[in-house]
2 protein chains.
Amino acid sequence: MNELTGAIGVPRDAQKEWVRGRARVMAVPDRSRQVIPACVGPVQHGASMVARHPVTGQCLTAETDDAPPVDVDLARCYVPVHSRWTSPTATIKGGRMAKLTIRDIAALSGLSKSTVSLVLNNSPKVDPATRRHVLAVMRRNRYVPSFAATALAKGSTRLIGMVVPGLSWHMVASINLGVAAVTEQHGFDIILYTATNDRDYGSLIDRVLTSSMSSGLLVVSHEQPLEPLVQLHQEGMPVVLVNTIDADVALPSVTADNYDGARTAMDHLMQLGHERIACVQGLMRYRCCQDRYRAYLDALREAGIQPDPELTKPGDFVPEQIRARSRELFALPADQRPTAVFAQSDVTAYGVMTAAAEAGLRVPEDVSVLGFDDIESAAQIRPPLTTIQQPFVEMGKRAAELLLSEIGTNDDDPGTGAEPVGEKPLADLPRLVMPTSLIVRASCGPAPVTRSRRGRSQTTKA
Amino acid sequence: MNELTGAIGVPRDAQKEWVRGRARVMAVPDRSRQVIPACVGPVQHGASMVARHPVTGQCLTAETDDAPPVDVDLARCYVPVHSRWTSPTATIKGGRMAKLTIRDIAALSGLSKSTVSLVLNNSPKVDPATRRHVLAVMRRNRYVPSFAATALAKGSTRLIGMVVPGLSWHMVASINLGVAAVTEQHGFDIILYTATNDRDYGSLIDRVLTSSMSSGLLVVSHEQPLEPLVQLHQEGMPVVLVNTIDADVALPSVTADNYDGARTAMDHLMQLGHERIACVQGLMRYRCCQDRYRAYLDALREAGIQPDPELTKPGDFVPEQIRARSRELFALPADQRPTAVFAQSDVTAYGVMTAAAEAGLRVPEDVSVLGFDDIESAAQIRPPLTTIQQPFVEMGKRAAELLLSEIGTNDDDPGTGAEPVGEKPLADLPRLVMPTSLIVRASCGPAPVTRSRRGRSQTTKA
DNA sequence: CTGAAAGCGCTTACAG
DNA sequence: CTGAAAGCGCTTACAG
């Protein structure tokens with residue numbers, strides 16, 4: 001009996017055969033790609049060597065090439081010997097176990113691949129008992145279908161791409177929570193593309209397309225031109241914008257009702273008796289900031305108050321600028337100074353509050369400050385910030401639902417994926433606008449009495 | 001000439017043929033899955049109809065079934081007619097264009113699939129001119145290789161899974177930034193698994209395994225038992241823990257140096273003359289919080305100060321509790337009251353500052369407050385928070401690098417993937433501990449003079 | 001209800 | 001340097 005030293009291989013011509021009852025295996029040199037070192041077990045049955053199936057643990061007897069085949073009973077330890085063991089990709093490296101395939105499960109459960117596949121796909125055509133049996137075999141052997149093979153055969157990946165900006169993570173986090181909740185429900189996974197800066201974004205979109213692996217795209221607060229996406233969408237790729245920054249793009253979108261939110265904020269302030277209300281703006285090239293500012297102006301005008309241009313300050317979401325502009329606000333003579341400030345974001349509000357403190361003004365006694373977003377720390381700072389909450393989680397959910405319906409999940413609903421898209425008019429694209437909510441905390445109080453009845457105009461010249 | 005009304009199909013037996021020079025195509029009924037409505041173009045060359053290749057725009061003449069084939073010169077408008085057009089997955093729905101395959105590129109450039117594939121894989125064996133030509137054809141036709149097919153053939157997905165908790169998003173965001181930077185560099189993409197709550201986590205891990213699509217796993221701040229992951233890792237799946245919460249898990253990990261960070265924090269406070277320093281703890285079942293607390297105690301002891309148990313308060317990262325426990329701290333008689341508080345997180349520090357304000361104490365004049373994390377708003381609040389910054393971005397980068405080296409990217413480095421993993425001793429697992437940095441802002445000041453020289457013990461009983 | 005066969009779109013030895 | 005062929009692990013009509 002030849003003493004082998006740890007290598008067992010399968011002869012090429014045996015690769016496609018299932019070995020039952022009798023094993024015909026040869027020894028191969030160590031450096032061969034056919035070596036299966038991890039599978040070598042103790043000598044048994046008088047054969048020269050035994051290979052152990054890496055996952056099932058079942059045995060395959062082996063012998064040297066020149067020795068005659070040894071007759072052993074392998075009926076009870078069925079072992080699939082197929083090319084998997086010797087194929088390049090399946091080469092067992094680092095002791096990593098070879099993965100079972102549908103073939104193994106078929107063999108192990110005594111059925112054909114087709115039947116196993118039908119079980120895998122919940123086909124009603126399979127006998128319940130058969131089904132249970134196959135499922136048991138799978139579970140016992142920790143079988144996991146190959147994602148790539150399934151995707152290739154089915155022609156779809158159950159993967160959606162989510163493109164997010166490198167910053168604004170409170171928002172991204174909440175949106176993701178919503179998205180994850182619904183994608184999980186439908187058996188989709190998310191592949192995350194993070195735009196780290198402007199330069200990367202173009203190549204990022206390229207990547208998304210190049211990888212060709214997502215069935216749809218969720219684009220969060222894009223900072224970059226959307227033409228490539230529009231084109232993609234017209235070619236049939238499902239795309240949904242969440243919290244879009246542009247105004248009128250020919251793409252389905254989910255946004256917060258920024259106008260209404262800002263109106264609510266202004267109403268709250270005016271109900272507290274404020275009339276000289278300042279606005280520290282965000283990035284005015286964003287649609288959302290434009291909407292919030294429009295609401296600010298409209299609210300004042302409808303209350304019969306002429307907006308004072310002195311009370312509008314650009315902040316651009318840049319901390320230093322926010323503070324500098326706010327200081328100007330608080331350096332105004334007492335009768336021209338605002339009694340309340342509507343900040344277009346919570347972080348902006350923080351800057352306003354800092355400037356107020358520097359000017360010796362108390363919040364909310366001397367000046368009220370109202371934010372937008374309701375970020376995590378808004379409730380924790382002093383004083384807790386009154387703000388407008390954006391429904392990011394809900395927005396994420398709705399966006400994911402929209403996207404999945406465009407993709408057409410193979411659940412019950414057929415999806416709209418079958419409709420032609422190309423020339424759809426702008427008006428027909430779904431555009432969800434989600435309501436915001438006012439979160440009343442402590443940073444807004446009644447307008448100081450001395451100034452609250454000064455007349456119906458913000459401008460001192462009126 | 002038969003008038004067709006918009007449907008062109010390919011006869012079954014022609015599916016595998018490339019049609020050169022002469023097209024033999026038949027009309028099919030509208031409801032047939034062979035219909036290619038989007039491809040119908042104007043009549044040309046005396047044929048009854050012309051189909052336009054959906055992507056290349058090239059033409060295929062067609063005629064009714066019973067009409068004789070029309071002889072046209074298609075040599076210059078080469079058209080691949082293969083099963084792709086009529087296969088179930090390729091059915092053109094919603095006007096979505098059929099995707100080009102490697103076959104089309106091969107035909108379009110007059111080469112074999114193999115050569116095109118070699119070009120795709122940057123093989124040096126291809127003639128540079130050939131290469132350029134093929135690349136040009138691909139670009140012109142916007143060819144994108146099928147991700148699924150590549151993954152199946154290559155046996156690897158270039159996808160890594162990232163498991164993140166539903167909360168703590170500042171951290172997740174920063175870590176992701178780092179991870180994304182390095183994965184992008186190596187052509188890997190991230191698939192994001194969000195653990196929304198405890199109950200979901202188990203099934204989430206199941207999903208990760210079941211989907212079988214990632215080549216490796218990055219687990220961020222896991223909240224759940226790690227046994228399944230350890231087992232997975234021993235079976236050969238690359239796994240790296242980032243910011244792990246447990247102490248000694250048999251898994252490679254990247255963490256911040258919490259002990260050292262806390263020591264630095266304490267040193268800063270003590271250099272400012274503080275001796276009665278309180279600690280508001282985070283979740284003490286977390287390794288990081290234990291380390292920070294150990295550092296707190298060690299720092300005091302090494303300075304010859306006996307830690308006063310009264311000055312240690314559990315906060316558990318719960319805002320209400322943090323505030324309540326902090327109030328107890330500030331309700332202490334003046335000589336027992338801490339002059340500084342080391343909060344185990346920035347949000348915890350916010351709670352401490354709120355309680356201080358409620359107690360009429362000024363920060364930092366009456367009491368200094370020091371945080372941990374350096375979250376976004378730490379610089380924006382009043383007063384700006386002095387804190388320990390965790391190098392999350394860097395941690396993400398290193399973790400990704402670690403993971404990729406375990407996977408063995410097919411770049412130049414062979415990776416460590418070839419080594420056996422199974423029985424690796426704990427000590428051999430890579431465990432990166434990244435340095436933190438002290439960010440000095442305004443929330444810490446010198447200890448109040450009246451109490452700064454009271455002797456070397458925190459306890460009043462000493 | 002089950003099996004044999006062809007196909008999904010790539011990659012990769014193996015021959016020329 | 002290029003091409004023909006087999007293979008990756010699934011799915012899906014099509015016959016029984």
Side-chain angles (χ1 to χ4, degrees), chain A residues 12-13 15-16 32-34 80 82-91 98-107 109-131 133-134 143-157 212-213 410, chain B residues 12 15-16 33 80 82-91 98-107 109-131 133-134 143-158 212-213 410:
Chain A
R12 279 239 143 226
D13 56 2
Q15 288 184 15
K16 291 184 205 164
S32 157
R33 53 167 54 251
Q34 296 184 343
H82 55 76
S83 60
R84 187 77 183 73
W85 284 27
T86 59
S87 85
T89 58
T91 302
K99 266 189 55 180
L100 283 189
T101 73
I102 198 173
R103 261 176 102 173
D104 302 83
I105 299 302
S109 53
L111 292 164
S112 74
K113 274 169 39 180
S114 322
T115 306
V116 175
S117 176
L118 290 177
V119 169
L120 236 26
N121 290 284
N122 289 316
S123 165
K125 291 192 285 186
V126 181
D127 182 82
T130 308
R131 180 181 169 68
H133 174 226
V134 173
Y143 167 71
V144 172
S146 152
F147 155 73
T150 309
L152 179 56
K154 281 196 170 151
S156 101
T157 49
S212 83
M213 60 179 114
N410 4 342
Chain B
R12 279 237 144 225
Q15 288 184 15
K16 290 184 205 164
R33 52 167 55 248
H82 56 76
S83 62
R84 187 77 184 73
W85 285 26
T86 59
S87 86
T89 59
T91 303
K99 266 190 56 180
L100 284 189
T101 73
I102 198 174
R103 262 176 100 173
D104 301 84
I105 300 301
S109 52
L111 293 162
S112 75
K113 274 170 37 179
S114 322
T115 307
V116 175
S117 177
L118 290 177
V119 169
L120 236 27
N121 290 284
N122 289 317
S123 166
K125 291 192 285 185
V126 181
D127 183 83
T130 309
R131 179 181 170 67
H133 174 225
V134 173
Y143 167 72
V144 172
S146 153
F147 155 75
T150 309
L152 179 56
K154 282 199 170 147
S156 100
T157 47
R158 299 238 130 199
S212 83
M213 60 178 115
N410 8 340

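Just so it is clear: chains get the letters A, B, ... in the order the sequence lines come, proteins before strands, and each one is counted from 1.
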In terms of side-chain heavy atoms of [X], which of [options] is nearest?
{"X": "Lys125(B)", "options": "dT2(D), dT12(C), dC10(D)", "value": "dT2(D)"}
{"X": "Leu120(A)", "options": "dT11(D), dG9(C), dG3(D)", "value": "dT11(D)"}
{"X": "Ala149(A)", "options": "dC8(D), dG3(D), dC10(D)", "value": "dC10(D)"}
{"X": "Asp127(A)", "options": "dC1(D), dC1(C), dC10(C)", "value": "dC1(C)"}

Could you measure between the two C1' atoms, the one in dT12(D) and the one in dG16(D), and give it in whole Å? 16 Å
Closest to the 5' end of DNA chain C, once Leu111(A) and Ser117(B) are matched to their nearest nucleotides, is Leu111(A)
If you find the nucleotide of DNA chain C closest to Leu118(A) and the one closest to Lys113(A), which residue's nucleotide is nearer the 5' end? Leu118(A)
Tell me, please, which residues at least two apart from Leu111(A) pass side chain to side chain contact (heavy atoms under 4.5 Å, CB included). Ser109(A), Thr115(A), Thr130(A), Val134(A)
Please classify the nucleic acid contact of Ser114(A) as base, sugar-phosphate, or nothing, using heavy-atom distances under 4.0 Å. base
To the nearest angstrom, the CD1-C1' distance between Ile102(B) and dC10(C) comes to 6 Å
Specify the closest pair of heavy atoms between Val119(A) and Arg131(A), including all atoms of both residues, with the distance to one decimal. O-NH1, 3.3 Å
Check this one for me: any side-chain N or O of Tyr143(B) less than 4.0 Å away from OP1 or OP2 of dG9(C)? no
Would you write out the dot-bracket form of DNA chain C, 5' to 3', with Watson-Crick and G-U pairs under 3.5 Å, [ ] for crossing pairs, | for pairs to other strands and . for unpaired bases? |||.||||||||.|||
